[in-house]
Structures are given as C-alpha cells and as structure tokens.
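See below for the structure under consideration.
Because only heavy atoms are used, hydrogens play no part in the values below, and waters and symmetry mates are left out as well, while side chains stay in.
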Amino acid sequence: MIKNLYLIGFMGVGKSTIARALRKRTGWELVDMDALIVRQQGMPVAQIFAEKGEEEFRRIETEILAKISERDHQIISCGGGVPMRRENVRIMKENGICLLLTASPYVILKRVEKDTSRPLLQGKKSIRGISGLIKERMPYYEQACDERVSVNGRTVRMVVDEIVRRMTKRGYTEEETEQTGIVKTEIKSRRAGSENREARAKRGQAGAASCGARTGRDKSGSRGKRNGGD
Ligand code: S3P
C-alpha cells in the first residue's frame, strides 16, 4: 500500500494540474502545498519571499510538509523547492512515494512566461535561465524521486495513466480507492446526519423515536466512489 503520493518537479511542469486529475482518478485527498502556505500566511508566495525572506518560506514549507504527512491517501503537490532540503526528502520517503514530473525548458518557459507569482523565476524567463535552474536542481530531484515521468508531448490523461501504472507496481489498487471512497462517503453522511439532528434539536423537534429511525437510514448511506469536482 502507498501512504501518500508526493509530486515533485520544477516550477511550471504541471504538478498542480496533474495532482487535480489524480485526485479525480483515485479519490484521494488533494493537498497543494503552496496553496496551504498562502492560506496559512494570508499572503501570496511572492510577498512571503519579499517580506519574510526565502529562508522563512522554506521553514514554513518544512513545517507544513511534516504536518500534512501525518495523514494518508493524499496526492501532495509540492512546491518546486521542496526536494532541496534533506529533511523534506526524509519526511516524504517515510510517508509515501515521490514522483518526479519533468518537461523540457521550452515547455516550461511557455507555461511560466507570463507568470509573476514565482519570485525565483524573475529575470530567468528564457531557455538559458530555465535550463540553468533545472541543471542546478536536477541532482536533488533525482535523489529524492522514486519514479520519474515526463509530461513532454503528453496529455494530462496520458500522464495520469502512466502515474497510476507506476503506483500500481508499488502496491496501489483500485479497490483501495473504492474503500477509501466508501469510508469517506460514510463519514460524510454520518456527519451530515448528526448535523441535521443538531439542527432539529435547536428547533426543538428532536425526538428519541425519530432519531432511531434516521440513524438507521444514515448508516446505510450511499456507497460509491468519491468524485472530487474541481
Ligand atoms: C519554488 C516553487 C514554487 C513556490 C515558490 C518556490 C521553487 O512552487 O513554492 O515560488 O523554489 O521552485 P511551484 O513549483 O508550484 O511553482
């Protein structure tokens, strides 16, 4: 069984897009590290870099990585700098598998050309600039990854199929997904049931008899694969 899947790779390679598609395919939770950091800090990544500095951003990144890694069945889209820290690599290896997404500098350039949210790309948006950064990063990425998949010339569907094949080789099964979906659906419907009861209690309508009947219905709640919509 795979505990978590960490998607690593250079900025603009498509980690967030592939992570969203994988969530739909597997029913696992989606965790986007940058989005979590932005929400927690209440400011965009570029502002964190500008006001608190890169070192502080990296500290927050490691803290968040450790926290989310306590849970399982997650597709975790990592910021491009995550594999640069040994501590981060240790956390990822202990809690799942690392899959490296790669793309040519040209493909990456086309994707990040107009982007202003990534401070480390400022002044480097050329084939030469991006190739240089990739060259510096590649040894770290290669050391961290368990699997490697190129996105060059492939559709999202093709990349996702390839990733699921690799996950399957490492013990992932569709049945596991079904079970995860069912457990989550049951928890959700149980929660919804208790919320309804609380609402009825507040309105003064809750009665022991009706509670029993509704509990029965809630327990047999719908079974099915969770379908994360985007
Ligand atoms: C970074 C990548 C970014 C973001 C930050 C630093 C990096 O994430 O975490 O700008 O050092 O490569 P994405 O890879 O999602 O763009």
Side-chain angles (χ1 to χ4, degrees), residues 1-23 25-46 48-49 52-103 117-120 133-149 151 159-160 162-164 166-173 176-177 180 183-184 228:
M1 184 193 123
I2 299 173
K3 185 177 167 192
N4 289 303
L5 179 75
Y6 297 90
L7 288 183
I8 61 169
F10 198 75
M11 293 169 269
V13 80
K15 298 179 295 268
S16 302
T17 306
I18 299 297
R20 278 197 296 274
L22 275 169
R23 177 198 38 195
R25 172 77 174 262
T26 61
W28 287 18
E29 289 293 336
L30 169 65
V31 180
D32 189 305
M33 285 190 63
D34 279 348
L36 267 185
I37 295 173
V38 168
R39 203 182 315 146
Q40 192 214 60
Q41 296 294 305
M43 60 176 93
V45 170
I48 304 174
F49 268 67
K52 305 188 175 186
E54 181 173 350
E55 218 16 65
E56 176 60 7
F57 177 81
R58 299 299 176 199
R59 191 197 61 74
I60 299 166
E61 207 171 40
T62 300
E63 193 178 88
I64 284 193
L65 181 67
K67 188 88 202 118
I68 58 184
S69 298
E70 288 168 9
R71 301 200 303 266
D72 56 30
H73 289 98
Q74 304 170 103
I75 306 291
I76 300 166
S77 174
C78 299
V82 167
M84 309 297 288
R85 274 196 165 194
R86 200 182 301 201
E87 170 67 356
N88 294 344
V89 176
R90 186 193 62 76
I91 294 170
M92 294 191 287
K93 296 264 186 206
E94 274 178 17
N95 293 285
I97 63 164
C98 275
L99 189 134
L100 172 64
L101 290 177
T102 62
S117 68
R118 296 173 171 108
L120 299 181
L133 282 174
I134 293 179
K135 208 169 158 198
E136 278 170 26
R137 293 252 171 125
M138 215 29 121
Y140 294 90
Y141 289 163
E142 280 174 346
Q143 228 182 0
C145 77
D146 302 298
E147 296 284 347
R148 180 184 170 137
V149 172
V151 305
V159 174
V160 166
E162 181 61 34
I163 293 176
V164 171
R166 307 285 183 96
M167 288 170 75
T168 305
K169 271 203 306 188
R170 289 176 175 270
Y172 164 81
T173 59
E176 190 184 321
T177 298
T180 316
V183 169
K184 280 184 184 149

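- Nearest heavy atoms, I48 versus I60: CG2-CD1, 4.5 Å.
- For the atom pair SG (C78) and CG (N88), the distance works out to 8.5 Å, reported to the nearest 0.5 Å.
- When all heavy atoms are compared, the tightest approach of C145 to I8 is CB-CD1, 4.1 Å.
- Atom CG of L36 and atom CD1 of I64 lie 5.5 Å apart (nearest 0.5 Å).
- In this structure, the side chain of K3 engages the main chain of S69 through a donor-acceptor pair within 3.5 Å.
- Salt-bridge formation is not detected for the pair E162/R25: no Lys NZ or Arg NE/NH1/NH2 atom is positioned less than 4.0 Å from an Asp or Glu carboxylate oxygen.
- Using a 4.0 Å cut-off between charged nitrogen and carboxylate oxygen, E61 and R85 do not count as a salt-bridge pair.
- Closest approach of I68 to M33, counting heavy atoms only: CD1-CG, 4.0 Å.
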| field | Worked verdict on M92 versus N4 for side chain to side chain contact (heavy atoms under 4.5 Å, CB included) | value | CA-CA 8 Å; M92 294 191 287; N4 289 303; over 6 Å; no
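- Between V89 and Q143 there is no side-chain heavy-atom pair separated by less than 4.5 Å.
- Note on R58 versus E55: no salt bridge recorded, every NZ/NE/NH1/NH2 to OD/OE distance being 4.0 Å or above.
- Minimum interatomic distance between D146 and G96 (heavy atoms only, all atoms of both residues): OD2-O, 4.3 Å.
- Atoms CD1 and CD, on I76 and E29 in that order, are 10.5 Å from each other to the nearest 0.5 Å.
- One distance of note links CE of M167 with CD1 of I2; it measures 4.5 Å at 0.5 Å rounding.
- Distance check, rounded to the nearest 0.5 Å: CG of L5 to CZ of R23 gives 14.5 Å.
- A search for side-chain contact (heavy atoms from CB on, under 4.5 Å) contacts involving S117 returns D115, not counting sequence neighbours.
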Taking distance alone, no hydrogens or angles, what donor-acceptor pairs closer than 3.5 Å link side-chain atoms of residues 133-140 to residues at least two apart or in another chain?
from, atom 1, to, atom 2, distance (Å)
R137, NH1, G80, O, 3.1
R137, NH1, Y141, OH, 3.2

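- Between L30 and L22 there is no side-chain heavy-atom pair separated by less than 4.5 Å.
- Judged by distance alone, with hydrogens and angles left aside, the side-chain atoms of R166 form a donor-acceptor pair with the main-chain N or O of R148 at under 3.5 Å.
- Taking CG of N95 as the start and CZ of R90 as the end, the distance is 8.5 Å to the nearest 0.5 Å.
- More than 12 heavy atoms of other residues, nucleotides or ligands lie within 6.0 Å of CD in E56, so this atom counts as buried by the packing criterion.
- Residues Q40 and E63 meet the side-chain proximity criterion, which asks for heavy atoms closer than 4.5 Å.
- In this structure, E147 and R170 have side chains that are in contact, with non-hydrogen atoms separated by less than 4.5 Å.
- For the pair I37/V45, no side-chain contact is recorded, criterion being any heavy-atom separation below 4.5 Å from C-beta on.
- With a 4.5 Å cut-off on side-chain heavy atoms, L101 and I163 count as touching.
- Proximity of Y6 to P83: side-chain heavy atoms (C-beta onward) are nowhere separated by under 4.5 Å.
- By the 4.0 Å N-to-carboxylate-O rule, K15 lies too far from D32 to be salt-bridged with it.
- By the 30° and 60° cut-offs, the orientation of the rings of W28 relative to H73 is perpendicular.
- Annotation: K67, atom NZ; neighbour count of heavy atoms from other residues, nucleotides and ligands within 6.0 Å does not exceed 12.
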